[in-house]
Each structure stands twice: as C-alpha cells, then as structure tokens.
2 protein chains.
Amino acid sequence: MPNMTIKDIARISGCSVSTISRVINDRPDVRPETKEHVLKVMRDAGFVPNTNARQLKIQQSRSLAFVVKGTRNIFFSDFLVQLQRAATLYGYNGIVSYLDENANEIDAAEKILREIKPKGMIFLGGSVSNFQKGFASISVPSVLATLVSDKLNFPNLSMVGVDDRAASYQAVSYLIQQGHSKIAVLGGPVTSYPSMMRREGAQQAMRDAGIQFNDNLYGLSNYDFESAYHAMNSLLARRAEFTALFAMSDVIAFGAIRALVSAGFRVPEDVSVIGFDGITMSRYCVPVMTTIVQPSEQIALQSIELLVRQIEHGAPAQTITLQPELQRGESVRAI
Amino acid sequence: MPNMTIKDIARISGCSVSTISRVINDRPDVRPETKEHVLKVMRDAGFVPNTNARQLKIQQSRSLAFVVKGTRNIFFSDFLVQLQRAATLYGYNGIVSYLDENANEIDAAEKILREIKPKGMIFLGGSVSNFQKGFASISVPSVLATLVSDKLNFPNLSMVGVDDRAASYQAVSYLIQQGHSKIAVLGGPVTSYPSMMRREGAQQAMRDAGIQFNDNLYGLSNYDFESAYHAMNSLLARRAEFTALFAMSDVIAFGAIRALVSAGFRVPEDVSVIGFDGITMSRYCVPVMTTIVQPSEQIALQSIELLVRQIEHGAPAQTITLQPELQRGESVRAI
DNA sequence: CTGTTAGCGCATTCAG
DNA sequence: CTGAATGCGCTAACAG
C-alpha cells in the first residue's frame with residue numbers, strides 16, 4: 001500500500017479525516033491520546049501526506065524560490081549552497097531558477113510565483129531599474145541578496161549585502177596606499193547596480209587621492225572568466241597604461257590575470273590586482289588573491305532569516321549592510 | 001487578476017473548461033481556430049496553470065530531483081547548471097538537494113521521493129557500496145551521472161560518465177611520455193568509486209611503463225581545495241620525491257599547487273601537474289591546467305535524455321561511456 | 001475535542 | 001470536435 005491517503009488512516013485509526021488532518025498539522029485541539037494513536041497508525045502505514053493536495057488547498061507551498069541571474073559567476077554558486085543550507089535549517093526548501101544575464105528577473109519571478117507559489121523569493125543579481133519598474137507587482141516577501149540600494153523602497157523587499165561603493169573605495173584606496181596611481185578598472189555595465197556602485201567607489205577613491213580617473217582605463221566585463229579575459233585584452237590592445245587593476249569580482253580578476261600573463265606581464269611584479277567577492281579559489285590560487293571578501297555565509301543566513309520573519313510574522317522589510325573584509329593576498333605589490 | 005484558473009479562461013474565451021484543458025495539454029482533438037483563440041486569451045490574461053492541481057489530478061509531478069554529494073566540488077556546480085538547463089529543455093524542473101560528503105544518498109533519496117515525488121532522480125557523486133546496499137528499494141527511473149561502474153546493475157539505474165580508469169590511465173601515461181617517472185597521486189579514498197578507478201588507472205599506467213608505484217607517493221584528499229592543500233603538505237612533510245603529480249580533480253590540483261608553491265616549488269618547472277574534470281577555471285588559471293576534460297555538457301544532456309526516455313517510454317536503463325579529452329595546458333613540462 | 005462537508009484547480013470519462 | 005460532471009487528497013469552516 002504505497003499510496004495511502006488520510007482517508008485510509010482515518011479508517012484504520014477509527015477517527016475522521018479532519019482529526020487526521022489536525023494531527024498532521026500539529027494542531028493543539030486534539031486529545032493527546034488520539035494524537036498518539038493516529039501518529040502510530042501513520043508511522044506503521046508509512047503514510048506521507050500528499051504535498052500537492054495540501055498545497056492546492058492552502059494555496060501555497062513551503063518553498064522559497066531563488067532567482068539567480070548570472071550562472072557563470074562562481075560567487076553565486078558558492079552562495080547558493082549556503083542559501084540552500086540555511087533554508088533547510090528553517091524548514092523550507094529552496095528551488096533554484098537560473099536566468100540569462102539579459103533576462104528580466106521580474107517577469108521570471110512572476111512566472112515562478114504562479115507556477116510554484118513559493119512563500120518567498122530571494123534574488124541573486126538583478127538590475128535595480130528592473131526592480132523599480134516592475135517589483136511593485138509582486139507581493140510575496142522577498143530579499144535582494146548581495147545588493148543594497150537606497151533607490152529601492154518596497155514594503156516586501158529586504159536587501160542584504162555589503163556597501164558596494166564603500167567596499168570598492170576601500171579596494172582602490174588600498175591600491176593607492178601601496179603607491180599605485182595608474183589604476184585600471186574592470187567591471188560590469190552601468191546597468192548593473194553593483195557595478196555602478198563599485199565604479200563610483202573606485203572613482204571616488206581616486207579623486208580623494210587626487211588621481212585623475214581615465215576612462216581609457218575602464219574595461220567593460222561581465223562576471224565570467226571569458227568576458228574578463230577579452231576585456232583585459234582590449235585594454236592592452238589600446239595600450240592602456242596601468243600598474244594596478246581593480247577587478248569587480250574575483251572571477252573577473254582571474255580572467256584578467258590570465259590575459260595579462262599571456263601578454264607577458266607578471267602579477268604582481270608588473271601589475272597589481274585586487275579582486276572582489278572572496279570566493280574560495282581566491283585563497284588557493286597563485287598568487288593568493290588580494291580581494292574584498294563578502295561575508296557570503298552571513299549574507300545567506302541573514303537573507304533567509306529576514307525572509308522567514310517576513311513570511312511567518314509579517315515583519316517589515318529591512319536593509320542589512322554587512323562589512324566586507326580586505327584579504328591581503330599576494331596579488332598586490334607596493335611600488 | 002493575478003490568479004486565474006481555467007474557469008476564468010473558459011468564461012473569457014467562451015469555451016468550456018475541458019476545451020481549455022485540452023489546449024493546455026496540447027491534445028489533438030481541438031479545432032485549430034479554437035485552440036488559437038484560447039491560446040491568445042491565455043496569453044493576454046497571463047494565465048499559468050496551477051501545478052498543484054494538475055499534479056494532484058494526474059498523480060505525478062513534472063520534476064526531477066538532483067541529489068548532489070559534495071558541495072565544495074566546483075565541477076558539480078558547473079554541472080548542475082547544465083543539468084537544470086537540459087531539464088528545462090525537456091519540460092521538467094529540477095530540484096537540487098545538497099548532501100554532506102558523508103551522508104547516505106540512498107536514505108536521502110527515499111526521503112526526497114516521499115516528499116516531492118519526482119519522476120526521476122539524478123545522482124551526482126555517491127558511493128557505489130551505498131547503491132549496492134540500498135538502491136533496490138528505490139524504483140523511480142534514475143541516473144548516476146559522472147560515474148560508470150560495472151558493479152551496479154539495476155533495471156532503473158542508468159549511468160553516464162567517462163571511463164575513469166581509462167581516463168586516468170591516459171593522464172598518467174601523458175606524464176610518463178613527458179619523461180616523468182616519479183609521479184605522486186592525490187585523490188579520494190578507496191570508498192569513492194571514481195577515486196578507486198582513477199587510482200587503478202594511474203597505477204596501471206605506471207606498471208605498463210615499468211614504474212614501481214610507491215604508496216608513499218599517494219596522498220588522500222577530498223574533492224575540495226583545502227583538503228588537497230593539506231594532503232600535499234603531508235606529502236611534502238614526509239619528503240616524498242616526485243617530479244609530477246596526478247590530481248584526481250582540478251580543484252585538488254589547485255589546492256596542491258598552492259601548497260607546492262608555498263613550499264617553494266614551481267609548477268611546472270619543479271613539479272608538473274595534471275588535473276581532472278576540466279572546469280572553466282582550468283583554462284583561465286596560470287599556468288593553464290593540463291587536465292582530462294570531462295564532457296560535462298554532454299554528460300548532463302545525455303543524463304537527462306536517458307532519464308526522460310526511462311520516464312516517458314519505460315526505456316531500460318543504459319550505461320553510456322563518453323570520451324574525455326586531454327587539455328594540453330602549461331602545467332606539465334617534459335623532462 | 002471530534003466529525004461532516006464543501007471546495008482548491010484541473011484532467012478526464014462520458015455524452016452529445 | 002466540444003461540454004457537463006466527477007473526483008484527485010487535503011484543509012477549514014461549521015456543527016455538534
């Protein structure tokens with residue numbers, strides 16, 4: 001009898017279906033003995049409630065949707081594992097949905113919402129303008145992870161991440177402290193909010209140090225190895241002169257370093273490189289990457305906690321800004 | 001009107017619910033014009049069928065469970081994305097479940113089976129002995145991806161992967177061809193089937209070349225950076241002498257290289273390194289990794305195809321062995 | 001505390 | 001080709 005229903009359990013235990021339902025849902029209004037008895041019958045029969053029927057009835061699931069934009073970004077892969085773990089901790093199961101870099105995450109979210117009716121959503125990556133335009137239409141508790149923006153103000157959208165501008169200010173300041181003044185920057189397009197913030201932070205750091213930011217030293221790259229590799233090659237092709245590079249992610253840094261080395265430069269002897277994210281690889285590569293480490297485990301945990309509070313207690317959305325940390329590796333050299 | 005039902009569509013389109021249902025399920029017995037009309041109404045209304053109701057009715061889901069053992073293995077992260085993509089291609093949605101390295105994947109699978117009733121499962125990583133002991137109890141179509149073993153013979157368990165023994169034979173033979181004879185090996189424990197096969201292949205290659213395999217040159221490592229780093233340090237601590245290293249995964253190779261470099265060795269000048277897997281990073285690191293590339297996209301695609309055939313047409317389980325490819329990078333030097 | 005009953009949204013006979 | 005009616009398994013009033 002592999003597929004029992006609560007009816008069968010009701011029959012066997014001599015109770016009614018509603019009592020069984022109450023036991024399943026751990027309602028208080030069941031006599032302890034009855035509950036015990038029903039529980040035993042259920043165990044003996046190997047009964048498992050039908051999730052579909054349950055969810056059809058209550059119109060929602062116990063799942064969270066993780067919407068990931070940017071599948072080639074290793075930082076996100078790492079982060080997803082943490083999210084899953086945290087979700088499980090709170091009794092939810094996470095369903096991952098990968099999106100193309102140029103997909104619209106709001107449209108995708110709406111589709112997911114209708115299809116699987118998650119109780120909450122967590123967005124990894126995403127464009128602020130897409131959110132501004134469309135997020136109003138989605139009403140489930142949500143969290144935008146690894147991104148904090150003051151331009152987004154929705155009652156059901158929390159944000160958890162580091163202050164990208166401050167973090168990249170720190171990164172570039174570090175390069176400047178080490179004596180660099182010709183600093184190239186590699187990162188995402190202006191339509192990417194974190195990229196924009198990181199760029200602003202970088203420029204601010206230069207300005208504050210009296211260094212003129214040169215647009216010629218800015219290379220456009222997506223958050224993947226290949227794109228970064230090509231971006232650096234373009235920089236080199238136009239004879240950009242720099243002694244240091246700020247890459248807006250470790251993955252970008254790796255791709256860039258590969259291009260630099262292929263072109264005959266040494267890191268850090270000829271070019272110093274500082275990354276961003278602090279993926280595991282950054283600690284095991286040669287040279288060890290100097291990078292801004294995002295506290296990904298904390299971000300994941302806090303994201304889930306916030307989401308669960310929003311879901312279960314109707315808590316208001318919050319913005320949490322966590323502190324990144326500078327990992328002093330070997331990829332930056334003082335000059 | 002965020003939550004439409006087929007009833008609404010029926011009303012708007014002037015048809016009955018059954019016609020709508022037929023259109024949704026792409027049944028042939030609907031007049032083309034009617035179908036077109038209904039389709040238009042559905043699009044205009046942004047209607048999405050309720051998955052729960054549908055699945056409750058047809059008593060099965062359209063989801064596949066991906067059971068991943070080993071969250072720190074970047075190769076699996078890459079691979080999962082491919083699996084998701086392939087699943088979507090076939091109209092299924094994949095649900096990922098991450099397991100601890102020392103969890104029992106069969107127990108986990110049984111739980112997943114009861115909870116979400118997937119139509120099929122794909123296992124990433126897993127111990128052959130666990131399968132031998134417990135897989136008989138699970139009856140849904142399954143695929144063991146990236147692992148091929150002749151010790152597993154279940155009517156509902158397909159396997160897709162490379163011939164680990166042959167592949168590592170190739171890897172070590174390559175080192176030997178390059179003049180190496182003192183070859184260290186870093187890899188998983190004997191309880192890991194791929195590790196065992198890769199070890200056997202490596203030893204065979206050495207035997208065939210008349211090289212004595214020295215147990216002192218074998219280091220035990222899990223498939224993560226840190227473990228590999230420590231394993232290499234142990235090898236160095238016991239003054240193992242070698243000019244080349246066969247690492248059973250790229251991640252292991254990276255961890256080992258980091259340890260080597262820290263100890264003052266250069267790669268490949270002092271020690272040549274060959275890896276396994278061919279993760280994206282292997283092409284963008286310095287030096288570019290010489291490695292055995294698993295055709296992960298193919299493995300993912302074939303795994304899903306096989307699974308879908310088993311599910312939809314009751315096709316028998318199959319074993320598919322794919323050819324890996326040697327990526328000649330810069331981490332191996334002839335001596 | 002417990003039982004009866006009416007749907008949740010959809011697929012599917014069975015009649016037209 | 002199309003429509004009306006039934007029930008999948010479960011929860012939640014409502015009525016004892």
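Naming: A, B, ... by sequence-line order, numbering from 1 per chain.
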(message) Whole angstroms only, please: what is the CZ-P distance between Arg27(B) and dT12(C)?
(response) 5 Å
(request) Could you tell me whether Asp78(A) and Arg72(B) make a salt bridge, using a distance below 4.0 angstrom between a side-chain N and a carboxylate O? (result) no
(message) Side chain of Pro32(B) only, heavy atoms from C-beta on: which candidate in dC10(C), dT11(D), dC1(D) is closest?
(response) dC1(D)
(message) dC10(D), OP1 or OP2 - any side-chain N/O from Asn50(A) closer than 4.0 Å?
(response) no
(request) Answer yes or no: is there an ion pair linking Asp100(B) with Lys69(B), defined by an N-O contact shorter than 4.0 Å? (result) no
(request) Check the distance between dA15(D)'s C1' and Asp29(A)'s CG and give it to me in whole angstrom. (result) 14 Å
(message) Judged by each residue's nearest nucleotide on DNA chain C, which is more toward the 5′ side, Val17(B) or Ser16(A)?
(response) Ser16(A)
(message) In whole Å, I'd like the distance from the NZ atom of Lys57(B) to the P atom of dC10(D).
(response) 15 Å
(message) As a test of reading the structure: which of dC10(C), dG9(D), dA11(C) is closest to the side chain of Thr5(B), going by heavy atoms?
(response) dC10(C)
(request) Measure the CD-CG distance between Gln84(B) and Leu64(B) for me, rounded to the nearest 0.5 Å. (result) 9.0 Å
(request) Choose from dC1(C), dG3(D), dC10(D) the nucleotide whose nearest atom is closest to any side-chain atom of Cys15(B). (result) dG3(D)
(request) Ignoring backbone atoms, establish whether Arg54(B) has a side-chain N or O less than 4.0 Å from OP1 or OP2 of dC8(D). (result) no
(request) Check Phe131(A), Phe76(A), Phe79(A), Tyr193(A) against Phe123(A) for a ring-ring contact (aromatic ring centres under 6.0 Å, His included) and give me the one that passes. (result) Phe131(A)
(message) As a test of reading the structure: which of dG9(D), dT12(C), dG3(C) is closest to the side chain of Ser18(A), going by heavy atoms?
(response) dG3(C)
(message) Nearest to the side chain of Ser21(A), heavy atoms from C-beta on, is which of dG9(D), dT11(D), dC10(C)?
(response) dT11(D)
(request) Could you check which of dG9(C), dT2(D), dC10(D) has an atom nearest any side-chain atom of Ala53(B)? (result) dG9(C)
(request) Could you please name the option among dC10(C), dT11(D), dC1(C) that lies closest to any side-chain atom of Thr34(A)? (result) dC1(C)
(request) Report the distance from atom CD of Gln55(A) to atom P of dC10(D), rounded to the nearest whole Å. (result) 12 Å
(message) Could you tell me how far apart Ile20(A) (CD1) and dC1(C) (P) are, to the nearest whole angstrom?
(response) 16 Å
(request) Rounded off to whole Å, could you give me the NZ-to-C1' distance for the Lys35(B) and dT2(D) pair? (result) 15 Å
(message) Can you confirm whether the side chains of Ser195(A) and Tyr223(A) place a donor and an acceptor under 3.5 Å from each other?
(response) yes
(request) Would you mind classifying the nucleic acid contact of Leu56(B) as base, sugar-phosphate or nothing, using non-hydrogen atoms under 4.0 angstrom? (result) base
(message) Expressed as a whole number of angstroms, how long is the span from Arg11(A):CZ to dG9(D):C1'?
(response) 15 Å
(request) State, yes or no, whether a side-chain contact exists between Thr5(A) and Asn50(A) at a heavy-atom distance under 4.5 Å. (result) no
(request) Identify whether any heavy atom of Asn52(A) sits under 4.0 Å from a base atom; if not, whether one sits that close to sugar-phosphate; answer base, sugar-phosphate or nothing. (result) nothing
(request) Select one nucleotide: of dG7(D), dG7(C), dC14(C), the one nearest the side-chain heavy atoms of Arg22(B). (result) dC14(C)
(request) State which of dT12(C), dG3(C), dC10(C) makes the closest approach to the side chain of Thr19(A). (result) dG3(C)
(request) Would you kindly give the CD-to-P distance between Glu33(B) and dC1(D), to the nearest whole Å? (result) 9 Å
